Amino acid sequence: MDGKIVLGYWNIQGLAEPLRLLMLYLGIAYEDRGYNDLATMQAEKNALNFPFPNIPYLIDGEKVICESEAIAYHLVFRAKREDLFGKDNEERVNSAIVRGVVNDIYSDISSRIFWNTNWETDLPKTFEEKLHPRLQRLDAFAGSKKFIIGDEIRLVDFALYNILW
């Protein structure tokens with residue numbers, strides 16, 4: 001490993017997109033290693049010699065980090081931007097709550113699209129029954145704040161943006 005940062009994931013937005021947005025925001029240059037086929041992805045991620053090989057993964061010098069949340073934390077610590085976790089414990093807890101809601105929404109969307117051959121028919125019903133109520137609650141929670149937690153951007157905003165965009 002030569003010290004450059006490499007982000008490995010499928011050649012789609014998915015779980016890596018909030019990480020890409022975060023690196024852009026933090027001014028961190030990186031190589032985006034997008035995979036189009038399963039065999040290449042599995043061979044490369046398993047060659048990382050990491051206890052939990054998975055994608056997305058991040059290579060930062062000699063460090064190899066898997067799992068999107070851990071990668072996001074690493075990037076925040078690397079940039080010395082712990083303020084992105086929240087200004088106080090209340091913001092940090094609210095960020096964790098909103099992150100859970102965002103994860104649920106992402107799971108509902110991805111399971112209805114990626115693994116469902118009838119996704120075009122099922123998605124409107126899923127939106128009406130599951131997504132719309134959650135999005136209304138997020139909107140009410142945000143109120144007049146500039147971002148979901150407050151008036152300053154937080155780590156959770158990158159994941160939220162990814163599902164709304």
Side-chain angles (χ1 to χ4, degrees), residues 5-34 52 54-60 63 65-165:
I5 293 181
V6 176
L7 177 65
Y9 192 66
W10 293 114
N11 209 7
I12 63 170
Q13 291 179 351
L15 295 171
E17 194 64 13
L19 302 171
R20 293 179 187 113
L21 295 170
L22 179 61
M23 285 190 279
L24 179 66
Y25 177 77
L26 294 173
I28 298 173
Y30 69 99
E31 173 192 332
D32 199 347
R33 190 171 292 164
F52 309 103
N54 203 356
I55 58 171
Y57 66 78
L58 185 94
I59 301 170
D60 185 357
K63 281 189 178 173
I65 304 162
C66 296
E67 302 300 333
S68 52
E69 287 292 307
I71 293 168
Y73 276 53
H74 171 76
L75 294 169
V76 167
F77 292 136
R78 184 184 197 279
K80 296 178 175 44
R81 288 295 310 273
E82 288 84 356
D83 59 294
L84 290 173
F85 295 125
K87 69 178 178 192
D88 54 29
N89 288 342
E90 183 177 353
E91 277 197 5
R92 292 180 190 116
V93 169
N94 284 336
S95 290
I97 292 167
V98 171
R99 182 60 195 204
V101 173
V102 168
N103 288 348
D104 290 345
I105 291 171
Y106 182 84
S107 178
D108 282 341
I109 292 170
S110 61
S111 68
R112 298 306 188 278
I113 293 176
F114 298 131
W115 320 120
N116 183 351
T117 55
N118 298 320
W119 72 271
E120 290 176 343
T121 339
D122 292 350
L123 195 58
K125 181 180 176 188
T126 299
F127 179 81
E128 199 56 44
E129 291 177 1
K130 292 189 173 197
L131 304 179
H132 190 253
R134 286 187 184 133
L135 293 172
Q136 284 181 313
R137 288 186 189 105
L138 284 170
D139 186 51
F141 180 80
S144 62
K145 296 178 282 220
K146 288 173 68 175
F147 298 96
I148 192 66
I149 301 301
D151 290 331
E152 301 293 326
I153 195 166
R154 301 294 178 226
L155 184 58
V156 70
D157 290 302
F158 294 94
L160 179 60
Y161 178 79
N162 187 49
I163 63 165
L164 297 176
W165 179 46

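Since the model is a prediction, treat every value here as computed from it, not as a measurement.
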From [X] [atom1] over to [Y] [atom2], what is the distance, rounded to the nearest 0.5 angstrom?
X	Y	atom1	atom2	result
F77	L84	CZ	CG	11.0 Å
M23	D32	CE	CG	7.0 Å
F85	I149	CZ	CD1	13.5 Å
L26	L21	CG	CG	11.0 Å

Y57 ring center near F52 ring center (under 6.0 Å): no

Residue pair P56 / L7: nearest heavy atoms and the distance that separates them: CB-CD1, 4.3 Å

So, does [X] use its side chain to make a donor-acceptor pair with the main chain of [Y] at under 3.5 Å?
X	Y	value
D151	K146	yes
D108	I105	no
R99	D157	no
S95	E91	yes

Ion pair R20/E17, N-O distance below 4.0 Å: yes

Ionic contact status for K87 with E152, cut-off 4.0 Å: no

Please check if atom [atom1] in [X] has more than 12 non-hydrogen atoms from other residues, nucleotides or ligands closer than 6.0 Å.
X	atom1	answer
F147	CZ	yes
E31	CD	yes
Y30	OH	yes

Any side-chain heavy atom of [X] sitting closer than 4.5 Å to one from [Y]?
X	Y	value
I65	D60	no
L164	L135	yes
R137	V101	no
F141	I97	no
I148	R154	no

Set of residues satisfying side chain to side chain donor-acceptor pair (under 3.5 Å) with respect to N89, sequence neighbours excluded: R92

Option among I153, L75, L24, L19 that satisfies the side chain to side chain contact (heavy atoms under 4.5 Å, CB included) test with F158: I153

Return a table of donor-acceptor pairs under 3.5 angstrom between the side chains of residues 8-16 and protein atoms on other chains or two or more places apart.
{"unit_1": "Y9", "atom_1": "OH", "unit_2": "L15", "atom_2": "N", "d": "3.1"}
{"unit_1": "N11", "atom_1": "ND2", "unit_2": "N36", "atom_2": "OD1", "d": "3.1"}

